[in-house]
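Quick note on labels: first sequence line is chain A, next is B, and so on, each numbered from 1.
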Number of protein chains: 2
Amino acid sequence: MGRRSDHSRDEIRQMALQAAESIVTEGGYKSLSARKVANEIGYTVGTLYLVFDNLDDLVLQVNGRTLDLMVKWLEQRVDIRDRGAETLCRLASSYIDFAEQHLSRWNMLFEYVTDKGNVLPDWYEEKVSRVFRIIEYALPVANNPVDQASDEQVARVLWASVHGICTLRIRQRLDLAGGQTTKQMTHTLIENFLRGRQAT
Amino acid sequence: MGRRSDHSRDEIRQMALQAAESIVTEGGYKSLSARKVANEIGYTVGTLYLVFDNLDDLVLQVNGRTLDLMVKWLEQRVDIRDRGAETLCRLASSYIDFAEQHLSRWNMLFEYVTDKGNVLPDWYEEKVSRVFRIIEYALPVANNPVDQASDEQVARVLWASVHGICTLRIRQRLDLAGGQTTKQMTHTLIENFLRGRQAT
DNA sequence: TCGGACTATTGAACAATGTTCAATAAAATG
DNA sequence: CATTTTATTGAACATTGTTCAATAGTCCGA
């Protein structure tokens, strides 16, 4: 078969991304393959390589969309005009809910490691920092910041920590923790951390 | 060629593990392949499958040895009889040093996800918790633990957090953090967290 | 010492992977 | 209607994990 022009290049891209997402959602990262995606959208492998540089490129774009979805998810669950410990806890909760709800796609966000030493394109980094900005905003201003860390820095410390709890929990590296839930753990973390930050 | 008996089954296993480690160290997780390992030790793929169930099994065993190495590394750098914030900071530092020094092997510890829903064998879980136990011990007893979390639980919260910082840093998801080093970040985390735990 | 039994090791085979690219068939153009 | 253009194909290649009949050494009893 030759030229068809059933879909524009961009339509094909969108279809492929959507197909990839459902494949990952159903069977996890490892079940993703070029031929599977191609099949699903009624094209062949060759076409996929007209639209994406390679599979890594496709994965990165899916990950970008996952980040977008995550921002939406958080904004839907937490009023981003709120601040304080309670808000942070709710954000953490929502983050963990997202990870559990979209397990495979969340996993792919971190399983995926580029061959080129983890250097990611700017448009992707931008999406990452959009997530961080939500946390930053919710972080209450400390009365007495003993250490020199700025709010931006503290936001990232705190969020990296929440992420760490989330990761180890989901990868089941924490089930000796005496039966505490991930939410309890993030609560412990945030409460103590903020209290310590206020106090001298 | 038929039977050779140059090496015992266990010798072959050890050789394979060592070969795998150096392949991963040099080229990262993705560069590991059965044939490469086999070649390196002067055997063929078939032999590898007499000694390991499959590649996942081999990876898991390498990871086990990486955990052993990590425990040794930590014990060499920190007197495990010490406690308190300073000790915890030093442990965190050492953990991050380990991750940086043995980047690929540390990476493999978390990139690797089993097909079977992340269920890991007992001997492996035991190695994981041996790491946690070091942290637990270093954790100072709080004067006034407001929350209900036990020391064991708190240790895991804290360590998951350190791990989160380490992960996001190494995966380069944090370089907008205003130039703070990973060690500064863990310091901020630990200091504030412990202060918050002591205070009411 | 010979010969048969045993078994450690092989390597060819299979299905599936990512990736490329000459061939081709349909649309576009004149 | 003929010609150019190009979107799409699918066969091809190298590489992957994994299996297993064939084989070539070792071992043991006669």
Contacts of B/Y49 meeting ring-ring contact (aromatic ring centres under 6.0 Å, His included) (sequence neighbours excluded), chain-then-number -> none
Contacts of A/F52 meeting ring-ring contact (aromatic ring centres under 6.0 Å, His included) (sequence neighbours excluded), chain-then-number -> none
Residues pairing under salt bridge (Lys or Arg N to Asp or Glu O under 4.0 Å) where one sits in residues 34-53 of chain A, two or more places apart or in two chains, turn out to be none
Residue pairs meeting salt bridge (Lys or Arg N to Asp or Glu O under 4.0 Å), one or both in residues 67-79 of chain B, sequence neighbours left out, come to B/D68-B/K127
On a heavy-atom basis, the closest approach of B/V162 and B/A92 is CG1-CB, 3.9 Å
Nearest heavy-atom approach of A/A138 to A/T87 is CB-CG2, 4.0 Å
- [ ] Considering just the side-chain nitrogens and oxygens of A/Y49, establish if one lies under 4.0 Å of OP1 or OP2 belonging to C/dT20.
- [x] no
Ranking D/dT18, D/dT8, C/dT17 by distance to the side chain of A/R35, first place goes to C/dT17
Among D/dT18, C/dT19, C/dG18, the one nearest any side-chain atom of A/N54 is C/dT19
What is the distance, rounded to the nearest whole Å, between atom [atom1] of [X] and atom [atom2] of [N]?
{"X": "B/L55", "N": "C/dA16", "atom1": "CG", "atom2": "C1'", "answer": "15 Å"}
{"X": "B/K36", "N": "D/dT16", "atom1": "NZ", "atom2": "P", "answer": "6 Å"}
{"X": "B/F52", "N": "D/dG17", "atom1": "CZ", "atom2": "P", "answer": "14 Å"}
{"X": "B/K30", "N": "C/dG18", "atom1": "NZ", "atom2": "C1'", "answer": "11 Å"}
{"X": "A/L58", "N": "C/dG18", "atom1": "CG", "atom2": "C1'", "answer": "12 Å"}
{"X": "B/L48", "N": "D/dG17", "atom1": "CG", "atom2": "P", "answer": "10 Å"}
{"X": "A/D6", "N": "D/dT6", "atom1": "CG", "atom2": "C1'", "answer": "15 Å"}
{"X": "A/D53", "N": "C/dT20", "atom1": "CG", "atom2": "P", "answer": "9 Å"}

Per the under-4.0 Å heavy-atom filter, residues of residues 8-23 of chain A near DNA chain D come out as A/R9, A/I12
Contact check, residues 39-47 of chain A vs DNA chain D, heavy-atom distance under 4.0 Å, returns A/Y43, A/T44, A/G46, A/T47
Quiz item: Taking atom types as modelled, is there a side-chain donor on B/Q14 or B/R65 under 3.5 Å from an acceptor on the other?
Solution: yes
Only one of A/R105, A/H102, A/E21, A/Q61 passes side-chain hydrogen bond (donor to acceptor under 3.5 Å, both in side chains) with A/T66, and that residue is A/R105
Describe, in one word, how the ring planes of A/F110 and A/H163 are oriented to each other, choosing from parallel (under 30°), tilted (30 to 60°) and perpendicular (over 60°).
tilted
- Task: Select base, sugar-phosphate, or nothing to describe what A/L32 touches, counting heavy atoms under 4.0 Å on all strands.
- Result: sugar-phosphate
